Every structure is written in C-alpha cells, then in structure tokens.
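Quick notes on the structure that follows.
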Number of protein chains: 2
Amino acid sequence: MKTRDKILLSSLELFNEQGERNVTTNHIAAYLAISPGNLYYHFRNKSDIIYEIFQEYEKLVDFYLDIPENRPMTLDDMTFYLESVFDGLWSYRFFHRDLEYLLDRDQRLRHDYREFTNRCLASISCIFEKLADGGIIEPQPESLRSAMSLNVWMIITNWMAYLKTAHVATASASLTIRELKQGIYQVLTLEIPYLMPAYREQVMSLREQYRPTMSGHEEGAEMKEG
Amino acid sequence: MKTRDKILLSSLELFNEQGERNVTTNHIAAYLAISPGNLYYHFRNKSDIIYEIFQEYEKLVDFYLDIPENRPMTLDDMTFYLESVFDGLWSYRFFHRDLEYLLDRDQRLRHDYREFTNRCLASISCIFEKLADGGIIEPQPESLRSAMSLNVWMIITNWMAYLKTAHVATASASLTIRELKQGIYQVLTLEIPYLMPAYREQVMSLREQYRPTMSGHEEGAEMKEG
DNA sequence: GACTCCCTAGAGTATATACTCTAATAATAC
DNA sequence: GTATTATTAGAGTATATACTCTAGGGAGTC
C-alpha cells in the first residue's frame, strides 16, 4: 500500500480511537514509523488529511443514502438504511466528535459539511415519504416531515456523544458498534406514533432488537445479532 | 468584585464566545489584566475553573427543573420549563461544545455530569407524566416515556451544535439566544402526535412561535418575541 | 554512468500552552 | 508598629505541536 494511503488509514484509525484533538501529525508519523517530513511530503497539513477523510465519509454515506427506486419502501429497506448509516457513523466516528472545531478551522470542510447535512436531511425526508407510500407510516405534511427528519438526524449524529458522555462511567470504556446501533432504538422511537396498525407489531419488534441494555457502564451485554 | 469571581465570570464569557479549546489561562489573565501567577493563585489549574463553572450550571438547571408541585401541569408550566432550560443552555453554552474532551480530562466532571444527565432525564420524564395528568398529552407507558425523554434531551443539548455546524454558513456568524430557542420548535415536534385534541391547537401555535426562519445563514430574521 | 523523479529521513524551528517560582505589596490581627 | 496572612506581578520553564528544510536514496531511462 502506498504511503499516502497508509497515512489516511492510520490517521482515521487513530482519530477514531483517541479523538482528533489528541492525535498530532507527529503521532501519526510515529505510528507508521515514518518521518514527519515524509508525512508532510504527502499532505500539506493536518487539515488536508482530515478533509480527505471527510470526503471518503461523505462518499460512503451518499452511496448508502442513494434512494433511486421508484417502488415504495419496505421494512427491510428501512432497516438497511438505518444499519448502513450507523455503520458509516462508526467508521468515521471521530468526525462528529470534534465537528465544531474542525469546521472552524477549515472553510472547505464547513461548506461541504453543510451541504452534506442538507443532502442527508433530504434523504431522510424522502425515506419518510416512501415509508408512507409503502403503507408503513401515515403520510405527513411536508413541514412536519422536515422537522421530524431534522430530529432523526440529530439523534443519529449525536447518539455516540451521548453514549460517551452520559452513559459510560469511565473515559477508557470503549464503545462497540453494537452499542452505537442502540441509537436505532431511539430513532424508531420517533416513528412509533406514526406507524400504521398493519406494521406496528413488526416495527416494534424490530426496535426491540436494538433496545439499550441496562449496563452501559462497564461490560457490554449481549444483544441479538442483526 | 473579588478576583476569584472575576476569573470565573470572564472565563465563562470567553469560553462561550470562543470555545474552551481556544481560550488559554494566559488569555483569561490577559483579558482581566492580571498576571498568570495571580490566576493560578486562585485556581490550581484550568480544569478547576471549568469544574466550578459546571457546578454553577448544574445548580441553575437543577433549580429550573425542580418540579415540586403536586398539581397537574399547565401549558404555561411547560413553556416555562422549555424557556428556562434553553436559557441555561445559552448561559453555559461552551460546555456542551467540548463536552467529550472536558469529561476525558476530569473524572470529577465526568461523574457529576453523568448524574446531572440522569437527573435531567428523570425531570423530563416527570414533566411528560404531569402533562398527561393535565390532559395535555396522552398518558404513555414508562418505557416509551423514558425513550422519548432521552430523545428530548438529545435535541435540547445538541441543537446548538446543529446550528453552529450545519445551519450557519460562516464560523464568525454568531448565534443569538433567539436562534437557540428555535430548538423548542424541534422539541415540540416530538410531542405533536401525543397531543390531546383539546390542546392541539394551542400547542401548535405555541410551537409556531419558535419556528426556525429560512435565513439561518447570515442575518437573523425577526421572530415574534416571547 | 548520469539524469530525473518520486519518495524518505531526521534534525530543527517558531509558536503556544499550562503552569511555577520568587519577590513584593496590600490587608488584617495583635 | 510588627507579625502574619492574603494577594499580586511578572519573568521563566518544560513540554508539545504543526510544520520546514536539507540532504539523500532508489528506480527507471537513455
């Protein structure tokens, strides 16, 4: 693998594990056993590394949230979207942690992230629309749908922060993707009142599979595999 | 005013305006036109300043969210709670911005914040219960209520982050408390499907007063005063 | 072999940051 | 007044961080 790609990969790994704020370019170089000069040969600065990682993230989520189909949506579709988005969130989880600081430092990133958010919101809204087409939830007026989409987006992007700040007792307690996906439980909570009777049971039991366990403290308890 | 109190006050002010990450102890001392040595005479380190500010924040919110009354809840009560919580959020808005980092650096803070969150969640849940008692929303089973409370909490604590990252176009565009309170619109969105018919109209028009304006970009557009 | 291009090492630097130390001054107690 | 304590100034320090600069190696081409 090319050094440039190794830098991107290791940076992402270290950022995810320790937070962007705690990972310096010297750390990255040391981790890869290359010189700082080498790292700076491939990237002009730290922001460029972050920006490029963001572009991968963006591409991934855009790919997941592409909703080309003209058919109404099934429950499986919805599950796929939820799972995929949380997978993406997991892979690039450092990003939402220091988001505000990162955007303050890089105008390109601010601009792109803003558009990214808007695309995601549009996709979520579209998913709601097609869920209604599929007879899974009640149809909603546009204004309600967009407010709800925004709530969904906030739950999705901040569930990790909630887990890391309020749920786990120690800083070192590392999270698992399974715990992260308990966020799906919270998202489905938003849908409950809009469920059509025919699908109510099914969605409720889907939701149950993601129910947070009582022990968010030290050990992660088991949960049914998806 | 005592130097010690001036330090706390100015720190809060600078943190809110520039973010904790961008404000050093030297900055604080310079801002107050005192020496670093003086600052460190009053506080052992930066963490201690932050911790003390947090305790004020905690006290304030606990005060607001004290729900002693045995009577059912009115719409005015609910409005008061929402307004108060967002006022508190505004006054200490730096805190939720760098939360994860702050908690990683200070175990006391992590511990206290976790309990603080739990108290807030309990209060929110209690508010829902009493709203049901007051005939404003439908009664809900405990499990749904706690999941909903968590969603409400996440919307409240992360609305500011959403505004600063996805809504405004430039880093310098400073937010106003009025924009922050558009978060109330999002919170009330969660309640909509549970509203009892008798109160539906009233709550919807209350919500309308907090509706986000389309121009979150540069200039803040006007909104009806509360 | 010489030239070129891509890549790499590694020492070095300017700046920042949290914090310390000493000495001096103001306030209070007796 | 003198002793004591509380407060302040301000220079200084150890460490870190993002980044630079120069020199050179290795591989391919002629």
Side-chain angles (χ1 to χ4, degrees), chain A residues 1-54 94-95 97-98 100-110 171, chain B residues 1-54 94-95 97-98 100-110 171:
Chain A
M1 186 186 294
K2 296 226 165 197
T3 302
R4 193 188 151 81
D5 294 327
K6 281 199 269 186
I7 293 172
L8 286 173
L9 214 66
S10 299
S11 297
L12 176 58
E13 192 181 328
L14 293 174
F15 288 161
N16 277 340
E17 275 167 15
Q18 304 172 31
E20 181 272 344
R21 186 170 185 170
N22 301 317
V23 176
T24 72
T25 49
N26 290 347
H27 286 149
I28 299 166
Y31 181 77
L32 281 167
I34 65 172
S35 64
N38 192 353
L39 186 147
Y40 278 91
Y41 169 78
H42 291 286
F43 294 93
R44 253 199 11 253
N45 51 43
K46 197 181 174 187
S47 276
D48 276 8
I49 299 178
I50 294 166
Y51 185 59
E52 213 151 304
I53 293 178
F54 166 69
F94 86 93
F95 189 69
R97 173 170 174 179
D98 279 309
E100 208 169 325
Y101 178 80
L102 296 177
L103 301 194
D104 276 355
R105 291 289 165 112
D106 190 335
Q107 284 308 302
R108 294 169 303 180
L109 197 58
R110 175 174 290 278
Chain B
M1 187 188 292
K2 294 225 166 196
T3 302
R4 192 187 152 82
D5 294 327
K6 281 198 270 186
I7 293 172
L8 286 173
L9 214 65
S10 298
S11 297
L12 176 58
E13 191 181 330
L14 293 174
F15 288 162
N16 277 340
E17 275 166 16
Q18 304 171 30
E20 180 272 342
R21 187 171 186 169
N22 301 316
V23 176
T24 73
T25 50
N26 290 347
H27 287 150
I28 298 166
Y31 180 78
L32 281 167
I34 65 172
S35 64
N38 194 353
L39 185 147
Y40 278 91
Y41 168 78
H42 291 286
F43 293 94
R44 250 196 17 250
N45 51 43
K46 197 181 173 188
S47 276
D48 277 7
I49 299 178
I50 294 165
Y51 185 60
E52 213 150 306
I53 293 178
F54 166 69
F94 87 92
F95 190 69
R97 175 171 173 178
D98 279 309
E100 208 169 325
Y101 178 79
L102 295 178
L103 301 194
D104 276 355
R105 290 287 167 114
D106 190 336
Q107 284 308 304
R108 295 170 302 179
L109 197 57
R110 174 174 290 278

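Within every chain, numbering begins at 1; the chains are lettered A, B, ... in the order of the sequence lines, protein sequences first and strands thereafter. All values reported here derive from a predicted model rather than from experimental measurement.
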Worked verdict on A:Ile53 versus A:Phe94 for side-chain contact (heavy atoms from CB on, under 4.5 Å): CA-CA 10 Å; A:Ile53 293 178; A:Phe94 86 93; 3.7 Å; yes

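Between atom CG of residue B:Leu12 and atom CZ of residue B:Phe95 there is a gap of 11.5 Å, rounded to the nearest 0.5 Å. Put simply, OG1 on B:Thr25 and CD1 on B:Ile49 are 7.0 Å apart, with the number rounded to the nearest 0.5 Å.
Using modelled atom types, one finds a donor on one side chain and an acceptor on the other under 3.5 Å when comparing A:Glu13 with A:Tyr31.
Residues A:Asp48 and A:Arg108 are paired through a salt bridge, judged by an N-O separation under 4.0 Å between the basic side chain and the carboxylate. Note on B:Asp104 versus A:Arg21: no salt bridge recorded, every NZ/NE/NH1/NH2 to OD/OE distance being 4.0 Å or above.
Using modelled atom types, no side-chain atom of B:Asp5 and backbone atom of B:Met1 make a donor-acceptor pair closer than 3.5 Å.
Extent of DNA chain C lying under 4.0 Å from chain A heavy atoms, first and last nucleotide in 5' to 3' order, is C:dC6 to C:dG10.
In the region residues 27-54 of chain B, proximity to DNA chain C at under 4.0 angstrom, judged on heavy atoms, holds for B:Pro36, B:Gly37, B:Tyr40, B:Asn45, B:Lys46.
Between D:dT8 and B:Thr3, a contact under 4.0 Å exists linking OP1 or OP2 to a side-chain N or O.
For the side chain to side chain contact (heavy atoms under 4.5 Å, CB included) test with B:Thr3, the passing option among B:Leu39, B:Leu8, B:Ile34 is B:Ile34; the others fail.
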